[in-house]
Asks: 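Got a structure for you, questions after.
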Amino acid sequence: MKKISIAFLVVCVALSKARAQENTLFDAAEKLKLISKTFAFTEGPAVDKKGNIFFTDQPNNNIWEYKTDGQLVLYMENAGRANGTYFDKKGNLIVCADEHDELWMVKKGKKEKVLLGDYKGKLLNGPNDLWIHPNGDIYFTDPYYQRPWWTRTKPNQDGQKVYYLPKGKTEAIMLEDSLKQPNGIVGSPDGKFLYVADIKGNKIYKYDIKEDGTLNGRRVFTDKGADGITLDERGNLYLAGNGITVFDPQGVQIAHIDVPEPWSANLCFGGKNRDVLFITASKAIYTMQMRVKGVE
């Protein structure tokens, strides 16, 4: 009985600490705000310098903009079946264009340039998510998800991998080929670390980014897979999937946000102060006021 009591006490203390940390992230009374539920499947949110959030509706082949004043406007049609997106320092929207498995540069709602169209002469699986290093290098995941708009029924590449495209280059460099199905990806604001979600392997991995852009020192950050991922200013990692799960920099779960949808695909921080959590979840988009800010 004594052992059970001590164990119970340890659990209670751990839960109390977790709740205390959760309360520093957001007000316990704060509720998710449904913005719209009129899409086919939402994905790939990215925030511009002003705090406006851009996201994709892949089945409908559109990119939408959710402005800081609450307006929701169509930004781009015929968007290459866009999935993950990210803004570069010049304000260009870099897009994982799933239709022909390319990386695009988009400006003012139009495709400006195809940055990448293949790897060693073969079609990529389907670039899924990306993160841009402070120096301009583009890191992206390339899992294989069969799409109804493809004529092919199997991948051209011999695995599901992680790549990076050095700034100004036209050929990607393969970085990681041992994951089961890499998906979400994000790096630290200082450019020193990279996080990759292996959704099928049910792991989040953390890597050191070397000076030459390659990766080193792979370790398991947490034994939980995810779709999209993002970081806040404290180094906490947010995982999208069955709702939103938050882990501290040591990989300890400190919060969970229930989302009333079948699947939460991705997320980012936006708004004028970068303190609004924006969530793409199935056919909907949600926001939540936070007590922390994002770093992307």
Side-chain angles (χ1 to χ4, degrees), residues 26 30-48 51-87 93-99 101 104 106 109 126-130 141 143-150 181 183-186 197 199-200 224-230 238-246 255-271 276-290 294 296:
F26 53 85
E30 188 69 33
K31 302 294 183 183
L32 282 176
K33 180 181 179 182
L34 174 64
I35 303 302
S36 180
K37 201 172 184 177
T38 57
F39 309 100
F41 191 81
T42 56
E43 249 286 10
V47 60
D48 69 9
N52 303 302
I53 299 166
F54 295 70
F55 66 95
T56 67
D57 183 2
Q58 191 176 39
N60 287 323
N61 206 12
N62 294 326
I63 297 177
W64 288 81
E65 179 182 2
Y66 178 64
K67 294 179 176 291
T68 56
D69 62 5
Q71 291 186 67
L72 186 62
V73 297
L74 182 62
Y75 177 72
M76 183 179 183
E77 297 180 285
N78 300 314
R81 301 288 181 178
N83 197 337
T85 66
Y86 204 95
F87 277 95
L93 187 63
I94 309 304
V95 174
C96 292
D98 200 63
E99 188 169 21
D101 308 308
W104 285 8
V106 171
N128 182 279
D129 204 0
L130 75 154
T141 56
Y144 187 83
Y145 293 100
Q146 184 64 47
R147 304 300 192 190
W149 47 85
W150 292 343
Q181 196 165 48
N183 197 303
I185 188 168
V186 71
I199 191 169
K200 194 172 182 179
K224 184 177 178 63
D227 201 329
I229 55 178
T230 195
Y238 294 64
L239 281 58
N242 294 313
I244 307 301
T245 309
V246 188
H256 182 82
I257 301 170
D258 291 325
V259 180
E261 300 295 339
W263 186 250
S264 299
N266 216 325
L267 73 171
C268 75
F269 283 83
V276 175
L277 188 64
F278 182 92
I279 302 167
T280 59
S282 299
K283 297 181 179 182
I285 52 172
Y286 290 84
T287 62
M288 186 170 180
Q289 183 62 52
M290 304 293 287
E296 292 190 74

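Note that the structure is predicted; figures quoted are calculated from it, not measured.
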Asks: Under the salt bridge (charged side-chain N to carboxylate O under 4.0 Å, His left out) test, which residues partner Glu261, sequence neighbours left out?
Replies: Lys37
Asks: Restricting to salt bridge (charged side-chain N to carboxylate O under 4.0 Å, His left out), what partner residues turn up for Asp101, sequence neighbours left out?
Replies: Arg152
Asks: Which residues pass the side chain to side chain donor-acceptor pair (under 3.5 Å) test with Asp48, sequence neighbours left out?
Replies: Asn52
Asks: Considering residues at least two apart in sequence or located in another chain, which fulfil the salt bridge (charged side-chain N to carboxylate O under 4.0 Å, His left out) criterion with Glu296?
Replies: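 With neighbours one apart ignored, the set is empty.
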Asks: Please enumerate all residues that pass ring pair (Phe, Tyr, Trp, His ring centres under 6.0 Å) together with Tyr144, with sequence neighbours excluded.
Replies: Trp150
Asks: Looking at residues at least two apart in the chain, or sitting in another chain, which of them share a side chain to side chain donor-acceptor pair (under 3.5 Å) with Glu77?
Replies: none
Asks: Sequence neighbours left out, what passes salt bridge (charged side-chain N to carboxylate O under 4.0 Å, His left out) with Lys67? Give chain and number order.
Replies: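 Partners of Lys67 under the salt bridge (charged side-chain N to carboxylate O under 4.0 Å, His left out) test: Glu65.
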Asks: State which residues pass side chain to side chain contact (heavy atoms under 4.5 Å, CB included) with Asn60; sequence neighbours excluded, sorted by chain then number.
Replies: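 Asn60: side chain to side chain contact (heavy atoms under 4.5 Å, CB included) contacts with Ala40, Asp57, Asn62.
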Asks: I'd like to check the ring pair (Phe, Tyr, Trp, His ring centres under 6.0 Å) partners of Tyr238; sequence neighbours left out, ordered by chain and number.
Replies: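 Ring pair (Phe, Tyr, Trp, His ring centres under 6.0 Å) list for Tyr238, sorted by chain: Phe269.
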Asks: Tell me, please, which residues at least two apart from Asn183 pass side chain to side chain donor-acceptor pair (under 3.5 Å).
Replies: Tyr145
Asks: How would you list, by chain and number, every residue that makes a side chain to side chain donor-acceptor pair (under 3.5 Å) with Asn266, sequence neighbours excluded?
Replies: Glu43
Asks: Applying ring pair (Phe, Tyr, Trp, His ring centres under 6.0 Å), can you list everything that pairs with Trp263, at least two apart in sequence or on another chain?
Replies: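 Counting only residues at least two positions away or on another chain, Trp263 forms no ring pair (Phe, Tyr, Trp, His ring centres under 6.0 Å).
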